[in-house]
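Structure record follows, encoded as structure tokens.
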Amino acid sequence: MIQNEMNSTASVEDVLTLTLEALRDTKARMRPVFGQERIAASAGRFLETLLSNEPRKTGWMRAEAAGDPGPWRQQALLGRARWDADALRDVVRDHVVDHFGDPDAVLVVDETGFLKKGTASCGVSRQYTGSAGKITNCQIGVFATYVSSKGHAFLDRALYLPKSWTDKPERLAGAHVPDGIRFATKPALAIAMIGRALDADIPFAWVAGDSVYGVGDLEMALRRAGKGFVLGVNANHWFHSWRPDVMWVGEAREIIKTLPDETWVRCSAGHGTKGERWYDWLYCPMANLHASEYSDTLTGTWTRGLLVRRNPADGDLRYFTTWCPQGTPLETLARVEGARWRIEEGFETAKNEFGLDHNETRSWHGWHRHVSLVMLAHAMMAAVRSQANILALKKRPLPTRKSLSNGQFRKSGASP
């Protein structure tokens, strides 16, 4: 069963029909990426195995599910075959926008770790990953997720190469890293993904990310592009207001100590698996600036500010730098920040259900091919879920007089 946030449930038959239709559509979308028919057929079988119930999506298990005598066709698809993983990424992007496109959408940027043994897999190094909560041997992938009121799915990806790789040409050559690839920070990879979204005219209004992305070039790139943001910063991040009526100068954690308790506002960061996610919020608009200061083509006044989120349960504080059109309500900023949870949900789903971290290839193009195919499977099923929820709501029975008399669906003060 597929169940939505309102507890409406689509039937197994409906979900199966939607899935088969979506699979046919998805195969047709990706067909031009693959030159030869046999490679396209292998890619289609690969996609089907990602959708299977196998707990591990390894080469042998994918081969068995596809009816192949061994994993060689699977390995060829990710390795020797000639096709462009970035072209498939663009197919994923178009699929996501076709189903979830919204001018008010949020792009969420974040990274996840892929635990590895040995040192041969492209980009592997001892580095910190939040997936394990420690420094360990792993690859790091930076991702962008598209989040709108219609649904959410991965839009783009990039493999992070630490300096232990980019400073050693022989390692790059051994993993078939393309010429011209140089060291890039995680924020730089995020900027490149946002740039690709802008070049493709992807509809979105906001970018959200944690403190890895909250300071520096990413902020300026978004201001020049006319996109709002809610980006995490550390508690000691320095803010300086330019307002004539109030002067806030200092670390974020010190500024909020000067404000009265009634300044905090409780509102939802969005709907989660257990209902609305309520937090206390504090918003300090720091300065109103003209968009023309950052771009020759933009107009209007934008506000730079400090946003703070407090967990009512334990008092935990999180700090964010914000950029938004003047007059943007606090509730909107809270919604944008709350969209960050969707990328964590996406990582969990993609790893547990579609084998995002089951990649056995060691090369640069093998990683990008595997991840792009998983992103396509994830986007396809995200669209199926959205369609199933809409269908379930349409089939939902209207309240009867009896149910109304029992108090169901009754609004406060309404008579049955």
Side-chain angles (χ1 to χ4, degrees), residues 22 25-34 43 47 83-111 141-160 178 180-181 184 186-209 213 217-231 291 294-298 323 336 339-340 342-343 346 350 364-365 367-383 386:
D25 173 69
T26 303
K27 287 183 177 180
R29 285 173 179 266
M30 71 177 187
R31 175 62 186 88
V33 173
F34 308 99
L47 185 66
W83 61 278
D84 186 359
D86 287 349
L88 185 61
R89 174 204 63 201
D90 294 346
V91 170
V92 175
R93 180 194 65 203
D94 294 343
H95 184 285
V96 171
V97 174
D98 285 347
H99 287 89
F100 304 138
D102 189 327
D104 292 326
V106 183
L107 277 188
V108 184
V109 292
D110 201 359
E111 73 271 1
V142 179
F143 289 77
T145 288
Y146 190 86
V147 182
S148 78
S149 59
K150 303 174 185 178
H152 55 94
F154 295 113
L155 195 76
D156 206 339
R157 76 291 180 265
L159 178 61
Y160 171 73
I181 297 295
K186 295 167 188 175
L189 295 175
I191 291 172
M193 289 190 286
I194 293 168
R196 289 194 287 268
L198 292 170
D199 290 342
D201 292 326
I202 302 302
F204 70 99
W206 301 90
V207 171
Y213 306 93
D217 294 340
L218 181 57
E219 287 184 285
M220 293 304 299
L222 293 173
R223 291 185 186 184
R224 295 187 187 103
K227 301 299 181 181
F229 58 72
V230 178
L231 301 171
Y294 301 95
S295 170
D296 295 334
T297 60
L298 298 176
W323 177 252
V336 173
R340 290 197 309 123
R342 294 301 187 184
I343 197 168
W364 168 273
H365 59 275
W367 186 91
H368 286 85
R369 289 178 174 186
H370 174 88
V371 169
S372 298
L373 285 162
V374 172
M375 286 169 54
L376 184 58
H378 179 268
M380 179 192 127
M381 292 310 299
S386 175

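Not measured: the values here are computed from a predicted model.
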(message) Tell me every residue that passes ring pair (Phe, Tyr, Trp, His ring centres under 6.0 Å) with F34, counting only those two or more places apart in sequence or in another chain.
(response) W83
(message) Which residues pass the side-chain contact (heavy atoms from CB on, under 4.5 Å) test with P178, not counting sequence neighbours?
(response) I181, W364
(message) For D90, give me all partners under side-chain contact (heavy atoms from CB on, under 4.5 Å), at least two apart in sequence or on another chain.
(response) R93
(request) Go through the structure and list residues passing salt bridge (charged side-chain N to carboxylate O under 4.0 Å, His left out) with K186, not counting sequence neighbours. (result) none
(request) Looking only at non-hydrogen atoms, find the nearest pair between A379 and H95 and report the distance. (result) O-CE1, 3.5 Å
(request) Can you see which heavy atom on K150 is nearest to which on G101, and at what distance? (result) NZ-O, 2.8 Å
(request) Go through the structure and list residues passing side chain to side chain donor-acceptor pair (under 3.5 Å) with D25, not counting sequence neighbours. (result) R29
(request) Not counting sequence neighbours, which residues clear side chain to side chain donor-acceptor pair (under 3.5 Å) with K227? List them please. (result) none
(message) Give me the atom names and distance for the closest heavy-atom approach of Y146 to V96.
(response) CB-CG1, 3.8 Å
(request) Taking side-chain contact (heavy atoms from CB on, under 4.5 Å) as the test, write out the residues that go with H365, two or more places apart. (result) H176, S363, R369
(message) I need the L373 CG to M30 CE distance, nearest 0.5 Å.
(response) 7.0 Å
Atom pairs and distances, donor-acceptor, side-chain atoms in residues 187-206, under 3.5 Å, two or more places apart:
residue : atom : partner : partner atom : Å
R196    : NE   : D156    : OD2          : 2.9
R196    : NH2  : D156    : OD1          : 3.3
R196    : NH2  : D156    : OD2          : 3.1

(message) Run the side chain to side chain donor-acceptor pair (under 3.5 Å) test against T145 and tell me which residues pass, sequence neighbours left out.
(response) none
(request) Please list, chain by chain and in numerical order, all residues satisfying side-chain contact (heavy atoms from CB on, under 4.5 Å) with A382, sequence neighbours excluded. (result) F100, A153
(request) Please round to the nearest 0.5 Å and tell me the distance separating atom CZ of R224 and atom CG of L298. (result) 11.5 Å
(message) Which residues pass the ring pair (Phe, Tyr, Trp, His ring centres under 6.0 Å) test with F143, not counting sequence neighbours?
(response) F154, F347
(request) Could you tell me how the ring of Y294 sits relative to the ring of W323: parallel (under 30°), tilted (30 to 60°) or perpendicular (over 60°)? (result) perpendicular
(message) Could you work out, with side chain to side chain donor-acceptor pair (under 3.5 Å) as the rule, every residue matching R31, not counting sequence neighbours?
(response) E37
(request) Calculate, to the nearest 0.5 Å, the distance between atoms CG and NE2 belonging to D84 and H368 respectively. (result) 10.5 Å
(request) Mind checking the CZ-CG spacing from R89 to L376? Nearest 0.5 Å is all I need. (result) 13.5 Å
